[in-house]
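Heads up: the structure comes next, in C-alpha coordinates.
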Amino acid sequence: MGMTHQPTFDRRAFLAASTALAASAAATSRELPRGTPYAAAGGPLAIASLNGVRSVARAVDLLREGYDPADAVVQGVRIVEDDPNDDSVGLGGLPNADGVVELDASVMHGPTHKSGAVASLRNIKNPAQVALLVLRRTDHCLLVGEGALRFAKSHGFREEDLLTEHARREWMHWRENMSLDDDWLNDSERDTPVGKTWDLLPWQASPAKDTAPRTNDGPNFRDTPAGGAPVEGGPPKKSAARPYIMEVTGTIHCAALTEKGDVASCTTTSGLNWKIPGRVGDSPIIGAGNYCDNDIGAAGSTGRGEANIVTLAAARIVDWMGAGQTPEEACRNMCKYVLDHMKEKRLWRTEGDRRTPTFDLKFYALRKDGLWGGASLWSGGQMAVCDAKGARAVPMAYLYERR
Ligand code: GLY
(Lines give C-alpha, C1' and ligand atoms only; values in the text may rest on other atoms or scores of the structure.)
Protein backbone atom coordinates (compact mmCIF):
# COMPACT_ATOMS: atom_id res chain seq x y z
CA MET A 1 0.00 0.00 0.00
CA GLY A 2 1.49 3.36 -1.02
CA MET A 3 2.66 5.75 1.65
CA THR A 4 3.14 8.86 -0.44
CA HIS A 5 -0.34 10.28 -0.60
CA GLN A 6 -0.40 13.98 -1.43
CA PRO A 7 -3.73 15.65 -0.65
CA THR A 8 -5.00 17.75 -3.55
CA PHE A 9 -8.37 18.97 -2.34
CA ASP A 10 -9.64 22.49 -1.75
CA ARG A 11 -6.77 24.68 -0.57
CA ARG A 12 -8.89 26.94 1.61
CA ALA A 13 -10.37 23.97 3.44
CA PHE A 14 -6.92 22.52 3.80
CA LEU A 15 -5.50 25.70 5.34
CA ALA A 16 -8.41 25.99 7.74
CA ALA A 17 -8.00 22.35 8.61
CA SER A 18 -4.28 22.69 9.21
CA THR A 19 -4.82 25.50 11.70
CA ALA A 20 -7.43 23.50 13.53
CA LEU A 21 -5.26 20.42 13.50
CA ALA A 22 -2.28 22.22 14.92
CA ALA A 23 -4.35 23.31 17.90
CA SER A 24 -6.03 19.99 18.48
CA ALA A 25 -2.89 17.95 17.84
CA ALA A 26 -1.27 19.67 20.76
CA ALA A 27 -4.21 18.74 22.95
CA THR A 28 -4.02 15.05 22.10
CA SER A 29 -0.29 14.59 22.00
CA ARG A 30 0.08 16.10 25.45
CA GLU A 31 -1.38 12.83 26.72
CA LEU A 32 1.63 10.85 25.49
CA PRO A 33 4.35 12.65 23.54
CA ARG A 34 5.49 11.33 20.19
CA GLY A 35 7.97 8.50 20.44
CA THR A 36 7.19 7.75 24.06
CA PRO A 37 8.24 4.18 24.76
CA TYR A 38 5.44 1.85 25.67
CA ALA A 39 6.62 1.53 29.27
CA ALA A 40 5.83 5.22 29.80
CA ALA A 41 2.15 4.49 29.36
CA GLY A 42 2.29 2.77 32.75
CA GLY A 43 0.63 -0.54 31.95
CA PRO A 44 -2.14 -1.81 29.70
CA LEU A 45 -4.23 0.70 27.81
CA ALA A 46 -7.30 0.86 25.62
CA ILE A 47 -8.85 3.42 23.30
CA ALA A 48 -12.35 3.67 21.86
CA SER A 49 -14.86 5.94 20.23
CA LEU A 50 -16.52 8.37 22.64
CA ASN A 51 -19.39 5.99 23.44
CA GLY A 52 -16.75 3.62 24.82
CA VAL A 53 -15.58 5.35 28.00
CA ARG A 54 -17.03 2.48 30.03
CA SER A 55 -15.63 0.01 27.50
CA VAL A 56 -12.02 1.15 27.80
CA ALA A 57 -12.24 1.01 31.60
CA ARG A 58 -13.57 -2.56 31.40
CA ALA A 59 -11.00 -3.58 28.79
CA VAL A 60 -8.10 -2.31 30.91
CA ASP A 61 -9.48 -4.03 34.01
CA LEU A 62 -9.58 -7.29 32.07
CA LEU A 63 -6.06 -6.80 30.71
CA ARG A 64 -4.84 -6.28 34.28
CA GLU A 65 -6.52 -9.56 35.19
CA GLY A 66 -4.53 -11.24 32.42
CA TYR A 67 -7.22 -11.62 29.76
CA ASP A 68 -6.32 -11.85 26.10
CA PRO A 69 -6.65 -8.42 24.42
CA ALA A 70 -9.32 -9.80 22.05
CA ASP A 71 -11.46 -10.80 25.04
CA ALA A 72 -10.79 -7.44 26.65
CA VAL A 73 -12.08 -5.41 23.69
CA VAL A 74 -15.05 -7.70 23.07
CA GLN A 75 -16.12 -7.58 26.72
CA GLY A 76 -15.50 -3.83 26.70
CA VAL A 77 -17.84 -3.13 23.77
CA ARG A 78 -20.36 -5.58 25.20
CA ILE A 79 -21.35 -2.90 27.74
CA VAL A 80 -22.49 -0.68 24.88
CA GLU A 81 -24.02 -3.54 22.87
CA ASP A 82 -26.13 -4.42 25.94
CA ASP A 83 -27.19 -0.79 26.54
CA PRO A 84 -30.69 -0.12 25.15
CA ASN A 85 -30.06 3.64 25.38
CA ASP A 86 -27.22 3.57 22.87
CA ASP A 87 -28.98 3.56 19.51
CA SER A 88 -25.86 2.89 17.45
CA VAL A 89 -24.90 -0.62 18.56
CA GLY A 90 -26.46 -3.93 19.60
CA LEU A 91 -29.70 -3.82 21.59
CA GLY A 92 -31.54 -0.58 20.79
CA GLY A 93 -29.64 0.05 17.54
CA LEU A 94 -31.59 1.97 14.91
CA PRO A 95 -33.07 -0.49 12.39
CA ASN A 96 -33.00 -0.90 8.61
CA ALA A 97 -35.69 0.43 6.26
CA ASP A 98 -37.97 -2.48 7.21
CA GLY A 99 -37.67 -1.76 10.93
CA VAL A 100 -35.36 -4.71 11.59
CA VAL A 101 -32.09 -4.27 13.52
CA GLU A 102 -29.15 -5.74 11.57
CA LEU A 103 -25.74 -5.79 13.22
CA ASP A 104 -22.16 -5.93 11.93
CA ALA A 105 -18.98 -6.57 13.95
CA SER A 106 -15.38 -7.66 13.63
CA VAL A 107 -12.52 -8.59 15.91
CA MET A 108 -8.85 -8.75 15.00
CA HIS A 109 -6.19 -10.41 17.13
CA GLY A 110 -2.63 -9.15 16.78
CA PRO A 111 -0.67 -12.13 18.18
CA THR A 112 -2.22 -14.58 15.66
CA HIS A 113 -3.03 -12.01 12.95
CA LYS A 114 -6.47 -13.60 12.70
CA SER A 115 -9.82 -11.93 12.28
CA GLY A 116 -13.45 -12.89 12.71
CA ALA A 117 -16.55 -10.99 11.67
CA VAL A 118 -20.31 -11.17 11.21
CA ALA A 119 -22.54 -9.01 9.05
CA SER A 120 -26.29 -8.42 8.76
CA LEU A 121 -26.78 -10.46 11.91
CA ARG A 122 -30.33 -10.24 13.29
CA ASN A 123 -31.71 -10.95 16.78
CA ILE A 124 -28.37 -11.41 18.57
CA LYS A 125 -27.36 -8.37 20.61
CA ASN A 126 -23.64 -9.15 20.94
CA PRO A 127 -22.26 -9.54 17.41
CA ALA A 128 -18.71 -8.86 18.63
CA GLN A 129 -18.82 -12.04 20.71
CA VAL A 130 -20.02 -13.99 17.69
CA ALA A 131 -17.22 -12.43 15.61
CA LEU A 132 -14.69 -13.61 18.21
CA LEU A 133 -16.08 -17.13 17.92
CA VAL A 134 -15.69 -16.97 14.14
CA LEU A 135 -12.06 -15.97 14.76
CA ARG A 136 -11.37 -18.68 17.32
CA ARG A 137 -13.56 -21.56 16.19
CA THR A 138 -13.58 -21.47 12.39
CA ASP A 139 -11.25 -21.28 9.46
CA HIS A 140 -13.27 -18.32 8.10
CA CYS A 141 -13.12 -14.56 8.49
CA LEU A 142 -16.71 -13.45 7.84
CA LEU A 143 -20.16 -14.98 8.24
CA VAL A 144 -23.28 -13.12 7.09
CA GLY A 145 -27.05 -13.10 7.57
CA GLU A 146 -28.80 -16.41 8.11
CA GLY A 147 -25.52 -18.34 8.29
CA ALA A 148 -24.17 -16.00 10.96
CA LEU A 149 -27.39 -16.36 12.97
CA ARG A 150 -27.30 -20.16 12.75
CA PHE A 151 -23.65 -20.11 13.80
CA ALA A 152 -24.46 -17.91 16.80
CA LYS A 153 -27.41 -20.10 17.84
CA SER A 154 -25.34 -23.25 17.57
CA HIS A 155 -22.94 -21.64 20.06
CA GLY A 156 -25.78 -21.02 22.50
CA PHE A 157 -26.71 -17.41 21.75
CA ARG A 158 -30.42 -16.76 22.22
CA GLU A 159 -32.48 -14.73 19.78
CA GLU A 160 -34.29 -11.63 21.05
CA ASP A 161 -36.07 -8.64 19.52
CA LEU A 162 -33.44 -5.88 19.43
CA LEU A 163 -35.86 -3.11 18.43
CA THR A 164 -36.44 -0.91 21.47
CA GLU A 165 -39.47 1.35 21.74
CA HIS A 166 -37.27 4.42 21.16
CA ALA A 167 -35.77 2.92 17.98
CA ARG A 168 -39.18 1.77 16.75
CA ARG A 169 -40.63 5.24 17.19
CA GLU A 170 -37.74 6.91 15.39
CA TRP A 171 -38.03 4.42 12.52
CA MET A 172 -41.80 4.90 12.25
CA HIS A 173 -41.41 8.68 12.38
CA TRP A 174 -38.93 8.47 9.47
CA ARG A 175 -41.20 6.07 7.58
CA GLU A 176 -44.23 8.31 7.91
CA ASN A 177 -42.47 11.56 7.07
CA MET A 178 -40.13 10.54 4.26
CA SER A 179 -42.58 11.31 1.44
CA LEU A 180 -45.96 12.87 0.77
CA ASP A 181 -46.40 10.53 -2.17
CA ASP A 182 -47.16 7.40 -0.17
CA ASP A 183 -49.99 6.14 2.00
CA TRP A 184 -48.30 7.00 5.29
CA LEU A 185 -49.56 10.36 6.63
CA ASN A 186 -46.80 12.87 7.36
CA ASP A 187 -47.02 14.89 10.58
CA SER A 188 -48.19 17.84 8.48
CA GLU A 189 -50.97 15.78 6.81
CA ARG A 190 -52.62 14.42 9.93
CA ASP A 191 -55.76 16.03 11.32
CA THR A 192 -55.46 17.61 14.74
CA PRO A 193 -57.47 15.61 17.28
CA VAL A 194 -60.18 17.54 19.15
CA GLY A 195 -58.96 16.17 22.48
CA LYS A 196 -56.17 14.19 24.12
CA THR A 197 -55.16 11.01 22.32
CA TRP A 198 -54.41 7.69 23.95
CA ASP A 199 -50.86 7.37 22.62
CA LEU A 200 -50.25 3.85 23.88
CA LEU A 201 -49.82 0.54 22.22
CA PRO A 202 -51.69 -2.32 23.90
CA TRP A 203 -48.61 -3.73 25.61
CA GLN A 204 -47.24 -0.44 26.95
CA ALA A 205 -47.66 0.36 30.61
CA SER A 206 -46.82 4.05 30.17
CA PRO A 207 -46.15 6.43 27.28
CA ALA A 208 -42.66 5.91 25.85
CA LYS A 209 -40.27 8.75 26.51
CA ASP A 210 -38.14 9.89 23.60
CA THR A 211 -35.18 10.92 25.67
CA ALA A 212 -32.57 8.32 24.75
CA PRO A 213 -29.11 9.88 24.44
CA ARG A 214 -27.70 10.36 20.97
CA THR A 215 -24.37 8.68 20.52
CA ASN A 216 -24.18 8.53 16.75
CA ASP A 217 -21.86 10.36 14.41
CA GLY A 218 -22.76 13.20 12.17
CA PRO A 219 -25.59 15.66 11.97
CA ASN A 220 -28.36 13.58 13.47
CA PHE A 221 -31.52 15.28 12.45
CA ARG A 222 -33.02 16.44 9.23
CA ASP A 223 -35.91 18.86 9.32
CA THR A 224 -38.91 17.31 7.71
CA PRO A 225 -39.66 19.49 4.70
CA ALA A 226 -43.20 20.74 4.72
CA GLY A 227 -43.60 19.86 1.07
CA GLY A 228 -41.85 16.57 0.52
CA ALA A 229 -38.77 14.44 0.90
CA PRO A 230 -35.60 15.65 2.61
CA VAL A 231 -33.24 17.72 0.51
CA GLU A 232 -29.75 16.24 0.61
CA GLY A 233 -27.06 18.75 1.34
CA GLY A 234 -29.18 21.87 1.04
CA PRO A 235 -30.23 24.16 3.87
CA PRO A 236 -32.93 22.44 5.89
CA LYS A 237 -36.45 23.61 5.17
CA LYS A 238 -38.36 24.56 8.28
CA SER A 239 -41.61 22.93 9.20
CA ALA A 240 -43.66 22.46 12.31
CA ALA A 241 -42.94 18.73 12.27
CA ARG A 242 -40.39 17.12 14.58
CA PRO A 243 -37.27 16.42 12.53
CA TYR A 244 -36.34 12.84 11.92
CA ILE A 245 -32.96 11.15 12.30
CA MET A 246 -31.30 11.01 8.90
CA GLU A 247 -28.43 8.90 7.69
CA VAL A 248 -26.70 8.26 10.98
CA THR A 249 -23.88 5.80 11.30
CA GLY A 250 -23.04 5.16 14.91
CA THR A 251 -20.60 2.52 15.95
CA ILE A 252 -18.15 1.60 18.69
CA HIS A 253 -14.52 0.86 17.97
CA CYS A 254 -12.20 -0.33 20.76
CA ALA A 255 -8.53 -1.30 20.64
CA ALA A 256 -6.35 -2.59 23.45
CA LEU A 257 -2.65 -3.04 24.18
CA THR A 258 -1.34 -5.44 26.80
CA GLU A 259 1.64 -4.80 29.03
CA LYS A 260 3.66 -7.17 26.83
CA GLY A 261 2.75 -5.16 23.70
CA ASP A 262 0.09 -7.42 22.18
CA VAL A 263 -2.75 -5.70 20.35
CA ALA A 264 -6.38 -6.49 19.51
CA SER A 265 -9.21 -4.44 18.07
CA CYS A 266 -12.95 -4.65 17.64
CA THR A 267 -15.64 -2.64 15.83
CA THR A 268 -19.37 -3.27 16.32
CA THR A 269 -22.40 -1.41 15.00
CA SER A 270 -26.03 -1.40 13.95
CA GLY A 271 -24.81 0.40 10.85
CA LEU A 272 -26.53 3.07 8.87
CA ASN A 273 -30.02 3.75 10.12
CA TRP A 274 -32.86 3.04 7.69
CA LYS A 275 -30.38 1.23 5.41
CA ILE A 276 -31.46 -1.03 2.60
CA PRO A 277 -31.86 -4.45 4.25
CA GLY A 278 -28.68 -6.42 3.76
CA ARG A 279 -26.43 -3.36 3.57
CA VAL A 280 -23.06 -4.08 5.16
CA GLY A 281 -20.86 -1.24 6.36
CA ASP A 282 -17.16 -1.03 7.07
CA SER A 283 -17.23 -2.39 10.63
CA PRO A 284 -17.02 -6.10 9.71
CA ILE A 285 -14.69 -5.48 6.78
CA ILE A 286 -11.15 -6.13 7.97
CA GLY A 287 -8.89 -3.39 6.67
CA ALA A 288 -11.75 -0.88 6.38
CA GLY A 289 -13.45 -0.34 9.78
CA ASN A 290 -10.99 -2.36 11.84
CA TYR A 291 -7.44 -3.61 11.51
CA CYS A 292 -4.46 -4.47 13.66
CA ASP A 293 -0.91 -5.63 13.20
CA ASN A 294 0.92 -6.87 16.27
CA ASP A 295 4.18 -5.32 15.07
CA ILE A 296 2.64 -1.85 14.63
CA GLY A 297 -0.71 -1.25 16.32
CA ALA A 298 -4.43 -0.98 15.62
CA ALA A 299 -6.91 1.35 13.94
CA GLY A 300 -10.64 1.61 13.44
CA SER A 301 -13.37 4.02 12.55
CA THR A 302 -16.89 5.22 13.12
CA GLY A 303 -18.98 7.19 10.65
CA ARG A 304 -19.82 6.74 6.99
CA GLY A 305 -18.68 3.18 6.27
CA GLU A 306 -18.90 3.43 2.50
CA ALA A 307 -16.08 6.01 2.59
CA ASN A 308 -13.88 3.59 4.52
CA ILE A 309 -14.60 0.57 2.38
CA VAL A 310 -13.42 2.29 -0.79
CA THR A 311 -10.27 3.61 0.90
CA LEU A 312 -9.35 0.67 3.18
CA ALA A 313 -8.92 3.20 5.94
CA ALA A 314 -7.95 1.11 8.97
CA ALA A 315 -5.27 -0.92 7.18
CA ARG A 316 -3.89 2.23 5.61
CA ILE A 317 -3.65 3.98 9.00
CA VAL A 318 -1.80 1.03 10.51
CA ASP A 319 0.46 0.93 7.47
CA TRP A 320 1.21 4.65 7.82
CA MET A 321 1.99 4.21 11.53
CA GLY A 322 4.38 1.45 10.52
CA ALA A 323 6.11 3.97 8.28
CA GLY A 324 6.62 6.34 11.19
CA GLN A 325 3.51 8.51 11.43
CA THR A 326 2.03 9.12 14.85
CA PRO A 327 -1.48 7.75 15.37
CA GLU A 328 -2.93 11.24 15.12
CA GLU A 329 -0.97 12.08 11.99
CA ALA A 330 -2.07 8.84 10.35
CA CYS A 331 -5.74 9.45 11.28
CA ARG A 332 -5.59 13.05 10.10
CA ASN A 333 -3.97 12.02 6.83
CA MET A 334 -6.66 9.39 6.39
CA CYS A 335 -9.34 12.09 6.71
CA LYS A 336 -7.63 13.99 3.91
CA TYR A 337 -7.19 10.83 1.84
CA VAL A 338 -10.90 10.02 2.09
CA LEU A 339 -11.90 13.50 0.95
CA ASP A 340 -9.31 13.52 -1.80
CA HIS A 341 -10.90 10.36 -3.18
CA MET A 342 -14.49 11.51 -2.74
CA LYS A 343 -15.61 12.26 -6.29
CA GLU A 344 -19.39 12.03 -5.85
CA LYS A 345 -20.93 15.52 -5.98
CA ARG A 346 -23.87 14.53 -3.76
CA LEU A 347 -21.48 14.01 -0.83
CA TRP A 348 -20.31 17.63 -0.94
CA ARG A 349 -22.20 20.80 -0.13
CA THR A 350 -21.47 24.51 -0.21
CA GLU A 351 -21.61 26.27 3.14
CA GLY A 352 -21.08 29.96 2.57
CA ASP A 353 -17.50 30.28 1.37
CA ARG A 354 -16.48 26.65 1.75
CA ARG A 355 -17.14 23.23 0.26
CA THR A 356 -17.64 20.60 2.93
CA PRO A 357 -18.55 16.91 3.16
CA THR A 358 -22.16 16.08 4.07
CA PHE A 359 -21.15 13.37 6.56
CA ASP A 360 -18.73 12.69 9.39
CA LEU A 361 -16.04 10.12 9.83
CA LYS A 362 -13.75 9.47 12.79
CA PHE A 363 -10.53 7.46 12.96
CA TYR A 364 -8.90 6.02 16.07
CA ALA A 365 -5.40 4.59 16.26
CA LEU A 366 -3.19 2.95 18.86
CA ARG A 367 0.49 2.29 18.29
CA LYS A 368 2.40 -0.61 19.80
CA ASP A 369 4.60 1.78 21.78
CA GLY A 370 1.51 3.08 23.60
CA LEU A 371 1.04 6.29 21.62
CA TRP A 372 -2.55 6.82 20.52
CA GLY A 373 -4.65 9.46 18.78
CA GLY A 374 -7.58 10.17 16.53
CA ALA A 375 -8.97 12.56 13.98
CA SER A 376 -12.38 13.46 12.68
CA LEU A 377 -13.69 15.27 9.60
CA TRP A 378 -15.66 17.68 11.81
CA SER A 379 -14.77 19.57 14.97
CA GLY A 380 -16.19 18.62 18.34
CA GLY A 381 -15.17 14.98 18.19
CA GLN A 382 -13.86 13.17 21.23
CA MET A 383 -12.53 9.71 21.87
CA ALA A 384 -12.16 7.53 24.94
CA VAL A 385 -8.91 6.33 26.48
CA CYS A 386 -7.98 4.39 29.58
CA ASP A 387 -4.42 4.10 30.85
CA ALA A 388 -2.74 4.49 34.22
CA LYS A 389 -4.61 7.79 34.65
CA GLY A 390 -7.98 6.09 34.28
CA ALA A 391 -10.78 6.27 31.72
CA ARG A 392 -11.66 9.61 30.18
CA ALA A 393 -12.80 11.42 27.04
CA VAL A 394 -10.25 13.50 25.12
CA PRO A 395 -10.62 15.82 22.11
CA MET A 396 -9.71 14.65 18.63
CA ALA A 397 -8.01 16.47 15.78
CA TYR A 398 -10.31 17.55 12.95
CA LEU A 399 -10.42 19.07 9.50
CA TYR A 400 -13.50 21.30 9.48
CA GLU A 401 -14.78 23.63 12.18
CA ARG A 402 -18.52 23.25 12.65
CA ARG A 403 -20.40 26.52 12.14
N1 GLY B 1 -19.28 2.81 10.28
C2 GLY B 1 -20.47 2.12 10.46
C3 GLY B 1 -21.21 1.85 9.23
O4 GLY B 1 -21.09 2.57 8.25
O5 GLY B 1 -21.97 0.91 9.22
Side-chain angles (χ1 to χ4, degrees), residues 47-52 55 73 77 80-81 86-90 92-97 100-108 115 117-122 127-128 131 142 144-145 148 162 167 171 214-220 245-255 265-291 298-317 331 334-335 337-339 341-342 344 347 357-365 374-378 381 383 396:
I47 64 163
S49 43
L50 180 60
N51 52 352
S55 306
V73 291
V77 300
V80 186
E81 289 178 333
D86 186 304
D87 62 17
S88 67
V89 176
L94 293 173
N96 66 19
V100 179
V101 180
E102 284 182 337
L103 304 175
D104 300 337
S106 67
V107 184
M108 189 145 183
S115 67
V118 290
S120 292
L121 177 64
R122 298 181 174 194
L142 173 62
V144 304
L162 304 180
W171 165 69
R214 299 278 181 257
T215 54
N216 289 300
D217 286 318
N220 283 5
I245 301 173
M246 186 67 190
E247 293 176 1
V248 173
T249 45
T251 301
I252 178 166
H253 170 75
C254 184
S265 54
C266 173
T267 306
T268 175
T269 189
S270 54
L272 184 67
N273 61 328
W274 329 144
K275 61 194 171 187
I276 297 172
R279 178 264 188 189
V280 173
D282 60 320
S283 304
I285 307 297
I286 288 298
N290 181 22
Y291 189 71
S301 64
T302 61
R304 181 179 159 76
E306 282 73 7
N308 288 343
I309 292 172
V310 295
T311 52
L312 291 174
R316 215 173 281 277
I317 290 169
C331 292
M334 196 61 224
C335 289
Y337 188 97
V338 165
L339 296 183
H341 287 77
M342 206 169 78
E344 292 176 272
L347 297 174
T358 57
F359 60 89
D360 200 5
L361 198 50
K362 291 182 173 68
F363 296 113
Y364 316 88
S376 171
L377 295 188
W378 287 97
M383 61 186 287
M396 301 171 77

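We count ligands from 1, going down the list as the structure has it; atoms in each ligand are counted the same way. In this text, all values refer to a predicted model and were calculated from it rather than measured experimentally. Every heavy atom of this structure was used, including side-chain atoms; hydrogens, water molecules and symmetry mates were not.
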A side-chain contact here means heavy atoms from C-beta on lying under 4.5 Å apart; do [X] and [Y] qualify?
X: Val310; Y: His341; value: no
X: Leu142; Y: Pro284; value: yes
X: Val89; Y: Val77; value: no
X: Leu339; Y: Pro357; value: yes

Judged on heavy-atom distance to atom 1 (N) of ligand 1, which of Gly271, Gly300, Gly303 sits nearest?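 Looking at heavy atoms only, Gly303 sits closest to atom 1 (N) of ligand 1.
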Ligand 1 versus Glu102: contacting region, heavy-atom distance under 4.0 Å: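 Neither; nothing of Glu102 gets under 4.0 Å from ligand 1.
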Using a 4.0 Å heavy-atom cut-off, say whether Ser283 meets ligand 1 through its side chain, its backbone, both or neither.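 For Ser283, the contact with ligand 1 is made by the side chain alone.
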Going by the order shown, which atoms of ligand 1 are within less than 4.0 Å of some heavy atom of Gly281?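 By the 4.0 Å cutoff, the relevant atoms are 5 (O).
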Give the atoms of ligand 1, by number and element, whose distance to some non-hydrogen atom of Thr251 is under 4.0 Å.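 What qualifies from ligand 1 is 1 (N), 2 (C).
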Residues which pass side chain to side chain donor-acceptor pair (under 3.5 Å) with Ser301, listed by chain and number, not counting sequence neighbours: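 Here the qualifying residues are Asp282, Asn308.
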At a 4.0 Å cut-off, with the gap strictly under it, does some heavy atom of Arg279 reach an atom of ligand 1?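 The answer is yes: ligand 1 sits under 4.0 Å from a heavy atom of Arg279.
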May I ask you to check whether Asp282 has an N/O atom sitting below 3.5 Å from an N/O atom of ligand 1?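 So ligand 1 has an N or O lying under 3.5 Å from an N or O of Asp282.
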Residue from Ile317, Ile286, Leu312, Ile285 passing side-chain contact (heavy atoms from CB on, under 4.5 Å) with Tyr291: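 Answer to the side-chain contact (heavy atoms from CB on, under 4.5 Å) test with Tyr291 among Ile317, Ile286, Leu312, Ile285: Ile286.
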